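For clarity, every value in this text was computed on a predicted model and none was experimentally measured.
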Amino acid sequence: MQTSRLQVSRPAIEPAPDDRAWFLKDSRWEDPVWRFAPTNALEEELPVSLAWDFALQEGRRFTDARYAPLRQTCKQLVALIRCRSLCTGLPLRPRSVLNYFFSLRFLVRWMDQEGLSRFAELDATALLQFQHWLAELPMARGPLRSASTVQRHLYLFTYLHRFRMELDDGLEFDPFPGSNHRQAAGDREGLRRPWPSTPDGVAVPLVQAAVDIVTRDAGRILQAMETYRQAMTATAGCSQSGYAHTDRATRRLKRANSALPEVERPVASVAELVLRIDMLYAACFVVLSYLVGPRVSEILHLKAGCVQERHDGGICADSPVTVIVGSIFKRQPGYDGRPHEWVAPPVAVQAIAVLEALSAEHRTVSGRHELWLRRRRGNGATEWFHARADQLEIASPSRVATQLQRFGARLGLTHEDRPWRLTTHQGRKTFARFAALRDRTCLFALSQHLGHRERAETDHGYVGSDYRLNQEIDAEILQQSMAAWEHMLAAPGLGGRAGIEIVAKRPRFRGSRLKQDLKSYARLLVDAGLVLGVCDWGFCVYREEHSACLGNAAGPNPARREPSTCARCRSFVVSPQHRTYWLEQARRCESLLNQPALPRQTLRIVRERLNEAHALLRTLDAGSAEENSHA
């Protein structure tokens, strides 16, 4: 068996004291193109490089002799950024360095237009002019650059100032005295949300479809793939064209389907098999990303045999926890990252088993263990026909993103009457959002991750060490609380016992600064500790002493938290956005009351639920009518 060059665990690449180009591979400091040495398996497949010969005005190039001093400083800056991040002090991975290089290229082009040849010539006025120039540049998507993009460009000035003693030409002035690059970019609230999560109306059918494919369709797709492989192998020695081989494989698939007429959604042709395999890969990614929460790099680095069981020896010693073993690469300098374990729900375990079956032949041919080995060219079934080791690579994030977009289009996912564009980062963001909702009935994965705290080994390893995910969850809770407070402060009417109290005490916001005043006041309430519980039927302005669900100092009691309990709680608020839920609740109760021979006890409970729904709806209607009369 052929030994893979990626199977050997590599130590972290560290700078040698006498080698300023220690981070380069197959290139030198003086070269116009730098090729970075790979820092993980994905970068082995897709090496990162940057070109110093980019175009400037009037046909000049940055590699021209006149730019030699500035180019030397720029190379020093990129090397320093690669060596250590200002945020962590650890070496940055090449793809992060590449983003800073893009920002540096913007700055050099602007300086060339302004006739500036040294960073030392920049001052506070020049910084503002550069920021305005950025704002006016046309964008491929959208009219304006987002605050997060501007932040990245401005953060380069912080590097130029902090590293000024190590550069031939550094930034002499403090670019952000008394503030920081985020505030200078216009992010006044300090909440950085560069990537969106998937809306509920998209996430629920997406996850349901992915789970259905992984649990129900995967078996027949894998069986069809084996039928195809056998058919193509049997005809490999024939002199017929590739189309004839494909037609023969299609006939073999149809015969296999005719032998099992009761099978739902059969694979009837090679073309359909190609599509179904790509959709199966996308479904596996969705299951792992949305129900477990790793980053895309962590999913793509998973290997065969990564599902394992753990026994903590404690209360639940007889009930082992199933985990997915992998590595975290974010802010980790080593080639193999930091070992990590994610608690795995059963459907995620099934997704790993499907990936192991899909990659089995590729792993045999290449001698490698990665689950996402794909043929470099050719999708679906065709990649299993005469695949060679040198043709196989780990699927890139962009390839997975393309499959996700096709998957979303096939499912017809829309949001606000527009097609929703799926990306590789949304699963983790949506996972954090579900965790922030603190509704452990939403997804089984949340109860596994957050509900088994007595299982010290796995839960401490997950909750205690994945600080970035915890930060995203905390930020999502904060953002949801602020959005809910803004909604309640502006809503024409509120229901619920706490809603009546809020309407009586809230200030009135008017004038041209209404939105800003609402946001500022909402942030003030959140900073004061009034963080909300959010659910489908209302908001909980939680106060332990008034808790109908018998919660404690940590928050509401999830075991007792349900609509009827909330409806009689002094902490409960219903706003117009929850009207649809309570209308449906009333409709269901009225339908039940029309059922013949309903037990008396059930009738009493249903009438109580109907009265609760009607009371809340009347409060909302009364509030809206009063607001309209004032208007």
Side-chain angles (χ1 to χ4, degrees), residues 13-40 42-86 91-122 126-127 130-131 133-134 137 140 145 149-150 152-172 175 396 398:
I13 303 175
E14 297 182 356
D18 56 346
D19 183 11
R20 61 181 179 177
W22 60 272
F23 51 86
L24 300 179
K25 179 182 180 181
D26 300 329
S27 59
R28 300 174 302 167
W29 182 274
E30 299 80 11
D31 290 346
V33 176
W34 278 7
R35 295 177 179 84
F36 286 91
T39 60
N40 58 37
L42 273 177
E43 291 173 9
E44 290 274 5
E45 314 290 0
L46 298 170
V48 177
S49 61
L50 54 88
W52 293 104
D53 61 341
F54 53 84
L56 298 173
Q57 63 178 356
E58 298 179 358
R60 295 192 292 267
R61 316 290 296 187
F62 193 50
T63 48
D64 294 348
R66 63 187 296 177
Y67 299 110
L70 182 60
R71 186 172 64 252
Q72 181 70 7
T73 303
C74 290
K75 289 185 174 182
Q76 292 173 352
L77 178 63
V78 169
L80 287 169
I81 292 174
R82 173 67 180 88
C83 282
R84 63 181 187 274
S85 162
L86 287 180
L92 282 178
R93 292 191 181 271
R95 294 203 176 276
S96 299
V97 178
L98 186 62
N99 287 330
Y100 284 107
F101 172 75
F102 292 150
S103 297
L104 184 62
R105 192 171 60 185
F106 272 108
L107 178 57
V108 168
R109 284 174 172 165
W110 176 81
M111 290 173 61
D112 186 50
Q113 292 179 18
E114 298 297 318
L116 302 173
S117 60
R118 300 177 66 243
F119 292 125
E121 296 174 2
L122 298 174
L127 174 57
F130 172 69
Q131 191 170 346
W133 177 77
L134 274 178
L137 281 178
R145 280 177 170 74
T149 302
V150 177
R152 176 168 58 81
H153 290 309
L154 295 185
Y155 197 35
L156 186 69
F157 287 85
T158 302
Y159 272 99
L160 281 167
H161 180 63
R162 296 278 187 89
F163 290 155
R164 63 188 183 278
M165 303 303 294
E166 301 174 66
L167 298 171
D168 292 345
D169 168 31
L171 200 65
E172 299 298 334
S396 66
S398 60

Novice: How about Leu127 and Leu122: do any of their side-chain heavy atoms sit closer than 4.5 Å?
Specialist: no

Novice: State, yes or no, whether a side-chain contact exists between Tyr67 and Arg60 at a heavy-atom distance under 4.5 Å.
Specialist: yes

Novice: Would you indicate whether the side-chain heavy atoms of His161 and Thr158 approach each other to under 4.5 Å?
Specialist: no

Novice: So does Pro38 get a backbone contact from the side chain of Lys25, meaning a donor-acceptor N/O pair under 3.5 Å?
Specialist: no

Novice: Does the side chain of Cys74 come within less than 4.5 Å of Trp52's, by heavy atoms?
Specialist: yes

Novice: Are Arg35 and Asp26 ion-paired here, with the side-chain N under 4.0 Å from a carboxylate O?
Specialist: no

Novice: Quick one: does Asn40's side chain have a donor or acceptor within less than 3.5 Å of a partner on Glu43's backbone?
Specialist: yes

Novice: Working to the nearest 0.5 Å, report the span between CG of Leu167 and CD of Gln72.
Specialist: 10.5 Å

Novice: Checking the side chain of Arg152 only, and the main-chain atoms of Asn99 only, is there a donor and an acceptor separated by less than 3.5 Å?
Specialist: yes

Novice: So, Phe102 versus Phe106, ring centres under 6.0 angstrom or not?
Specialist: no

Novice: Kindly determine whether Trp22 and Cys83 satisfy side-chain contact (heavy atoms from CB on, under 4.5 Å), including the steps that lead there.
Specialist: CA-CA 10 Å; Trp22 60 272; Cys83 282; 3.5 Å; yes

Novice: Ion pair present between Asp64 and Arg61, side-chain N to carboxylate O less than 4.0 angstrom?
Specialist: no

Novice: Carefully, step by step, assess Thr39 and Val48 under the rule side-chain contact (heavy atoms from CB on, under 4.5 Å).
Specialist: CA-CA 10 Å; Thr39 60; Val48 177; over 6 Å; no

Novice: Output, in order, the C-alpha distance, side-chain angles, deciding distance and verdict of side-chain contact (heavy atoms from CB on, under 4.5 Å) for Phe119 and Leu70.
Specialist: CA-CA 8 Å; Phe119 292 125; Leu70 182 60; 3.7 Å; yes

Novice: Would you say the side-chain atoms of Asp168 and Gln76 include a donor-acceptor pair closer than 3.5 Å?
Specialist: yes

Novice: Checking Tyr159 side chain against Leu86 main chain: does a donor-acceptor pair fall under 3.5 Å?
Specialist: yes

Novice: Would you call the rings of Phe130 and Phe157 parallel, tilted or perpendicular if under 30° counts as parallel and over 60° as perpendicular?
Specialist: tilted

Novice: Supply the atom-to-atom distance Ile81 CD1 to Leu98 CG, rounded to the nearest 0.5 angstrom.
Specialist: 11.5 Å

Novice: I need the minimum non-hydrogen distance between Trp34 and Arg28, along with the two atoms involved.
Specialist: NE1-O, 3.3 Å

Novice: Of Leu77, Thr73, Leu160, which meets side chain to side chain contact (heavy atoms under 4.5 Å, CB included) against Asp169?
Specialist: Thr73

Novice: List the atom of Ala126, the atom of Trp110, and the distance in Å for their closest heavy-atom pair.
Specialist: O-CH2, 3.4 Å

Novice: So which heavy atom on Pro94 is nearest to which on Ala37, and how close?
Specialist: CG-O, 4.0 Å

Novice: Counting N and O atoms only, with roles assigned by atom type, does the side chain of Gln113 sit under 3.5 Å from a partner on the main chain of Gln57, one being a donor and the other an acceptor?
Specialist: no

Novice: Work out which heavy atom in Arg118 is nearest to a heavy atom in Met111; give both atom names and the distance.
Specialist: O-CE, 3.5 Å

Novice: Hey, could you give me the CG/CZ distance between Leu42 and Arg93, rounded to the nearest 0.5 Å?
Specialist: 10.0 Å

Novice: Measuring from atom OG1 of Thr63 to atom CG of Leu56, what distance do you get when rounded to the nearest 0.5 angstrom?
Specialist: 9.0 Å

Novice: Answer yes or no: is there a donor N or O on one side and an acceptor on the other, between the side chain of Arg109 and the main chain of Ala55, under 3.5 Å?
Specialist: yes

Novice: side-chain contact (heavy atoms from CB on, under 4.5 Å), that's the test. Do Arg82 and Phe101 meet it? Break it down for me.
Specialist: CA-CA 11 Å; Arg82 173 67 180 88; Phe101 172 75; over 6 Å; no

Novice: Please confirm whether the backbone N or O of Phe62 pairs with a side-chain atom of Arg71, one donor and one acceptor, at under 3.5 Å?
Specialist: yes

Novice: Considering all heavy atoms of both residues, which atom of Val33 and which atom of Ser49 are nearest to each other, and what is their separation?
Specialist: CG1-CB, 4.3 Å

Novice: Salt-bridged, Glu166 to Arg84, with N to O below 4.0 Å?
Specialist: yes

